[in-house]
There are 2 protein chains.
Amino acid sequence: MGTVSRVLNQHPAVSEATRAAVQEAIASLNYTPNPSARRLSSGRTLTIAIIVPFFTRPSFVERLRGVVAVLNQSEYQLVIYNVETPQQRDLYLHDLPRRSRFDGLLILSLTPTDAEAERLQQSGVPVVLIDAFHPLLHGVGVDDVAGGALATGHLIALGHRDIGYISDLIDCPYRFIASRARLQGYCQALAAAQIPCDPRYQQEATQHGVREAREAARLLLDRPQPPTAVFAASDTQAFGVLQAARARGLDVPAQLSVIGYDDIEMAEFWHLTTVHQPLSESGAEGARLLLAAMAAPFDSPRQIRQPLTLIQRQTTAPRV
Amino acid sequence: MGTVSRVLNQHPAVSEATRAAVQEAIASLNYTPNPSARRLSSGRTLTIAIIVPFFTRPSFVERLRGVVAVLNQSEYQLVIYNVETPQQRDLYLHDLPRRSRFDGLLILSLTPTDAEAERLQQSGVPVVLIDAFHPLLHGVGVDDVAGGALATGHLIALGHRDIGYISDLIDCPYRFIASRARLQGYCQALAAAQIPCDPRYQQEATQHGVREAREAARLLLDRPQPPTAVFAASDTQAFGVLQAARARGLDVPAQLSVIGYDDIEMAEFWHLTTVHQPLSESGAEGARLLLAAMAAPFDSPRQIRQPLTLIQRQTTAPRV
DNA sequence: CTGTTAGCGCTTTCAG
DNA sequence: CTGAAAGCGCTAACAG
């Protein structure tokens, strides 16, 4: 029994002969080790949890895909906790490391508060944030301020000066921070071009979604001097802007330029100019980082920044 | 210890007094039972597996969402096996009930062969198919033949006679069967209206995706007598048809009617007429069915048929 | 109704 | 290098 276990766990102290013999026996008996027993005696749960908000949203599910791809190759199981209310968010972030047990925890797109981060850190289970950062924790993601500036800079370079910004709530109960960071980049780019940053060109949608973004865009287009270009903080929201433009009979890009963010699959099909960020790769990288941290803890939080790329398609054009 | 266990597992044979005392002790000690130990001694894994093909596709992820919602409320963990190659499909369907251990298995949109179904049945773990059926297994889903007829009937009722059909491969290595069933319904509806079912109006795309559907639609529109209406076997493919029409300068719905299938979220935003089927609800129902079957096996396979609804939006119109 | 006890099937010492 | 043996922390069967 002890020897069998050593073979199964690739322990080096086994002679080649017995190793082979055991492996043959295993094969012929069609033996499968019982994972529950393994977990109990080894003290490892062989389970990794991931907290995901709205995991059906294209960008989140794409990241999740990267996580699944990496973990399916490992010995770890992935358990998903889907967050669809602020209460769930707080509950999971607060209780998860305690209530059940995991060998590692991934958190997607949710930025912990300092208190939450501290608690997470002290829980002892390795944590990696994906698409989010906190000084106390490992993290993988892009620089959204730079991304906001990249998108806005593209519009400015095309000659636009009246540039709208559409996003989710800047202060939302889930503590998504992307909208704020991209707004910051937007303002920076405007400032660099000496264009005043007019809050009347900034519309927050109360909810994430095409419909809400469409309404927000409508408000922008209703202004006395409507923007000639709009930067939407996500591709989904950019679709809403496209719809609002179409409803108004505005030609995109001749009369209105639209740029999105994320480069989800649909963006290509609708020829949307957007800022590409590695989605599934961020999940894969986060999972790898977690696996590494579980194998041998790092001394200090590791922060991985992934690159952003401007993808020029057919929804942006020079200002006429 | 025994008593504590009884309290935790809501065993009836405990007096109110001791129950309360134990619960207080649990609370004050901040005690959490170790799930691994529970699993080992009880012989239950408290885990349910789900095999999902391409779980990032909108309709699949929406179904998955229903599963997650139900199982997160139960004591079971969900482990996802994502299928992205035919080999993975065969491997998982063949090995999963054996290799690791689950208390239950969900299979999404993949129809097992008779041999696979038999093996699954004999493995002893309860299995529920979602969006698929097999006489030996429990299943939840819609009647895709009826759905195909519903979509096609709508176009016929609008006066169309030259009606195209665009779908995935009818014979695909994943054994998705929806495309074939919907084609069957399409043919039935045509026959009922005494319209010949011309195979030149049927285009299979080699892959699922907007791009491939766009190419397929292009072929259809290139025909000497192009169809005046197209039924796409999924909303995603319908988007491809819309693009092909737009690229050709065809007005939808004035010159070309397009109907999809599934009613994914995006369908509403692009005003797509489509056949609505319960997506997240199919997952939820499947999970509930599995939980029930795990609690008390049914004598014979339970098949739940969910309703289909025609959703008329703005991509279909009477033939001019 | 409650305390005691024997496993669940592994991993991991510890001798040999 | 390889057997034997002691748990891991629960559940469930058994006495009391």
Side-chain angles (χ1 to χ4, degrees), chain A residues 1-49 74-77 79 95-104 123-125 294-296, chain B residues 1-49 74-77 79 95-104 123-125 294-296:
Chain A
M1 200 61 244
T3 307
V4 174
S5 175
R6 275 181 282 253
V7 171
L8 285 169
N9 295 298
Q10 357 245 18
H11 193 96
V14 185
S15 78
E16 256 324 307
T18 44
R19 176 183 304 275
V22 169
Q23 259 158 357
E24 190 187 340
I26 286 176
S28 77
L29 291 175
N30 221 312
Y31 163 84
T32 320
N34 179 325
S36 304
R38 222 151 95 78
R39 287 182 235 265
L40 178 57
S41 71
S42 71
R44 304 190 305 159
T45 62
L46 300 180
T47 299
I48 289 173
S74 77
E75 57 182 341
Y76 292 91
Q77 290 193 331
V79 175
D95 284 1
L96 224 45
R98 171 182 298 262
R99 274 215 315 205
S100 304
R101 302 202 193 147
F102 314 107
D103 297 334
S123 75
V125 335
M294 284 163 45
Chain B
M1 201 61 242
T3 306
V4 174
S5 175
R6 275 180 283 250
V7 171
L8 286 170
N9 295 297
Q10 357 245 18
H11 193 95
V14 185
S15 77
E16 256 325 305
T18 45
R19 177 182 304 274
V22 169
Q23 260 156 357
E24 190 186 341
I26 286 176
S28 77
L29 292 175
N30 221 314
Y31 164 85
T32 320
N34 178 324
S36 305
R38 224 153 93 79
R39 285 182 236 265
L40 179 58
S41 73
S42 70
R44 304 190 306 159
T45 62
L46 301 179
T47 299
I48 288 172
S74 77
E75 57 181 340
Y76 292 91
Q77 290 192 331
V79 175
D95 283 3
L96 224 46
R98 171 182 297 261
R99 275 214 315 203
S100 303
R101 302 204 192 142
F102 314 106
D103 297 334
S123 74
V125 336
M294 284 162 46

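At least one side-chain nitrogen or oxygen of Ser5(A) sits closer than 4.0 Å to the OP1 or OP2 atom of dT11(C). For dT11(C), one of the phosphate oxygens OP1 or OP2 lies less than 4.0 angstrom from a side-chain nitrogen or oxygen of Asn9(A). Between Thr3(B) and the phosphate of dG3(C), there is a side-chain N or O to OP1/OP2 separation shorter than 4.0 Å. Note on Arg39(A): every side-chain N or O is 4.0 Å or more away from OP1 and OP2 of dC10(C). For the pair Ser15(B) and dC1(C), the criterion of a side-chain N or O lying under 4.0 Å from OP1 or OP2 is not met.
Taking atom CG of Leu40(B) as the reference point, atom P of dA6(C) lies 17 Å away to the nearest angstrom. If you take CZ of Arg44(A) and P of dG9(D), they are 16 Å apart, rounded to a whole angstrom. Separating the CD1 atom of Ile26(B) from the P atom of dG9(D) is a distance of 16 Å, rounded to the nearest angstrom.
With distances taken from any side-chain atom of Asn34(A) to the nucleotides dC8(C), dC10(D), dC10(C), the minimum falls on dC10(C).
Considering all non-hydrogen atoms of both residues, Asp103(B) and Met294(B) come closest at O-CG, 3.5 Å. Shown here for Thr32(A) and Arg101(B), the closest heavy-atom pair between the two residues is O-NH2, 2.9 Å.
The nearest heavy atom of DNA chain C to Thr18(B) and to Leu8(A) marks one nucleotide each, and the one closer to the 5' end goes with Thr18(B). Checking Arg6(B) against Ser36(B), the closest nucleotide of DNA chain D that is more toward the 5' end is the one next to Ser36(B).
No donor-acceptor contact under 3.5 angstrom links the side chains of Arg39(B) and Asn34(A), judged on distance only.
When the C1' atoms of four end pairs are superposed on the next four at each end of the helix from dC1(C)-dG16(D) to dG16(C)-dC1(D), using five pairs per end, the two resulting axes differ in direction by 40°, to 10°.
Remark: Arg44(A) engages Glu75(A), Tyr76(A) in a side chain to side chain donor-acceptor pair (under 3.5 Å) (not counting sequence neighbours). Partners of Ser42(B) by side chain to side chain donor-acceptor pair (under 3.5 Å), not counting sequence neighbours: none found.
Rounded to the nearest 0.5 Å, atoms CG (Leu40(B)) and OG1 (Thr45(B)) are 12.0 Å apart.
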